[in-house]
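Only one structure is covered here, and it is reproduced in the block below.
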2 protein chains.
Amino acid sequence: MHGKGPWWQEKFTQNCVRVTAAREVIINILHDTPDHLSASDIYMKVHVTNPDIGLTTIYRTLELLEQMRIVQKFDFGDGHARYELLNNPGGKGHHHHLICVKCKKIIDYKDFIDEEVNCLGKTQDFLSQKYNFHINDHLVSFYGFCENCKSES
Amino acid sequence: MHGKGPWWQEKFTQNCVRVTAAREVIINILHDTPDHLSASDIYMKVHVTNPDIGLTTIYRTLELLEQMRIVQKFDFGDGHARYELLNNPGGKGHHHHLICVKCKKIIDYKDFIDEEVNCLGKTQDFLSQKYNFHINDHLVSFYGFCENCKSES
DNA sequence: GGATTATTGAAAATGGTTTTCATTACTACA
DNA sequence: TGTAGTAATGAAAACCATTTTCAATAATCC
Ligand SMILES: [Mn+2]
Ligand SMILES: [Mn+2]
Ligand SMILES: [Zn+2]
Ligand SMILES: [Zn+2]
């Protein structure tokens, strides 16, 4: 697989957005992790190989990528925004979340996702009509206590 | 309907939590609004009738009520936590959200909620087993553009 | 009433995120 | 290959919702 650059680079050049080292590193980090990283998580990982890249650039890049619909921003309630690669080539597919309210552990799940999305699809159609919305996304999360935390409480 | 105080007061006295004017006013405001108020929204409403109640108390009360499971805290991504009365007597029943990503308008809906919750129930059972979680809540939100905003974009 | 202890407001601190601004790095084009 | 135009960057400062501190006050129980 050689030739042109990665899938996301054309999105950049089309919009006069330059391909820079910082942006490349950040996307790679998000691509390689199974976790939901915060800005400073990413900063620390970036810092290992690129100690010249500042936290400000991390924030700016994440906002840019969010607006280009390359990453999605989440707030799980622990005071840090968290980011994950959107459903792009090489990204995770659409999934929902299972969140421990105590230790904040987050599990991506796809079990029953077809049935869920099917059911949500009907709701979406109905809501679009009734409230005259143009719906293009949904979020489903379950909350509770994980294996470790449910025994301690 | 007279006699003892409102439904929530017994929850207080059981836990050595005192019934104060501030707490009473805040619960009443949350009870009377159809909106999803932020701490400073509530502060401003409180200030009209009780200018002696400070913003700190609003925050403290909301955290208390959240921990007593009387209100639920939401983050819709606009930089302010928002609160709504939980499914208590006099509160809204369980519902899901339809959110405009542009103007941040939020609609509570219950359409298809039975089908949704039924479907989510199956998922919940499966996830509980598979990941050994004790699940006690879920969140479903649809995102898109509302009537007004979809024409402008 | 008085002792006990929860609650409170004001001010200060906190901490994640954003803004400012001067500098640097691309990119296009002559 | 130089040069103008513009996008991107880092450091420091600003921002701002929320939390903490601490001395004063008010609810509860006797
Ligand atoms: Mn995820
Ligand atoms: Mn609601
Ligand atoms: Zn846990
Ligand atoms: Zn709107």
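As the structure is a prediction and not an experimental result, all values here were calculated from the model. Numbers restart at 1 for each chain; the letters A, B, ... are given by sequence-line order, proteins then strands.
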Nucleic acid contacts - residues 57-71 of chain B versus DNA chain C, non-hydrogen atoms under 4.0 Å: B:Thr57, B:Arg60
Within residues 43-55 of chain A, residues whose heavy atoms come under 4.0 Å of DNA chain C: none
Aromatic ring proximity A:His94/A:His138, centre distance under 6.0 Å: yes
Aromatic ring pairing A:Phe76/A:Phe74, orientation class (parallel under 30°, perpendicular over 60°, tilted between): parallel
Any pair counted as salt bridge (charged side-chain N to carboxylate O under 4.0 Å, His left out), so long as it reaches residues 51-64 of chain B, sequence neighbours left out: none
Pairing of A:Asp75 and A:Arg82 as salt bridge, 4.0 angstrom limit: no
Pairing of B:Lys92 and B:Glu84 as salt bridge, 4.0 angstrom limit: yes
Co-membership, hydrophobic cluster, residues A:Ile106 and A:Val140, 4.5 Å side-chain: no
Can a donor-acceptor pair be found, under 3.5 Å and without considering hydrogens, that links the side chain of [X] to the backbone of [Y]?
{"X": "B:Thr61", "Y": "B:Thr57", "result": "yes"}
{"X": "B:Asn28", "Y": "B:Val25", "result": "no"}
{"X": "B:Ser151", "Y": "B:Asn148", "result": "yes"}
{"X": "B:His47", "Y": "B:Lys45", "result": "no"}

Give a yes-or-no answer on whether the side chains of [X] and [Y] include a donor-acceptor pair shorter than 3.5 Å.
{"X": "B:His96", "Y": "B:Glu116", "value": "yes"}
{"X": "A:His80", "Y": "A:His36", "value": "no"}
{"X": "A:Asp125", "Y": "A:Ser128", "value": "no"}

Difference in axis direction between the ends of the helix from C:dG1-D:dC30 to C:dA30-D:dT1, five pairs, 10°: 30°
Reading 5' to 3' through nucleotides 23-30 of chain D, protein heavy-atom contacts under 4.0 Å coded B for base, S for sugar-phosphate only, - for none: ---BBS--
Audit row: A:Tyr109, B:Thr123, side-chain contact (heavy atoms from CB on, under 4.5 Å) steps and yes/no: CA-CA 10 Å; A:Tyr109 76 86; B:Thr123 310; 3.8 Å; yes
Closest heavy-atom pair and its distance - B:Ser141, B:Ile99: CB-CD1, 4.0 Å
Nearest-nucleotide comparison on DNA chain D, the residue closer to the 5′ end among B:Gly79 and B:Thr56: B:Gly79
Start and end of the DNA chain C segment that chain B contacts, any atom under 4.0 Å from a heavy atom: C:dT5 to C:dA11
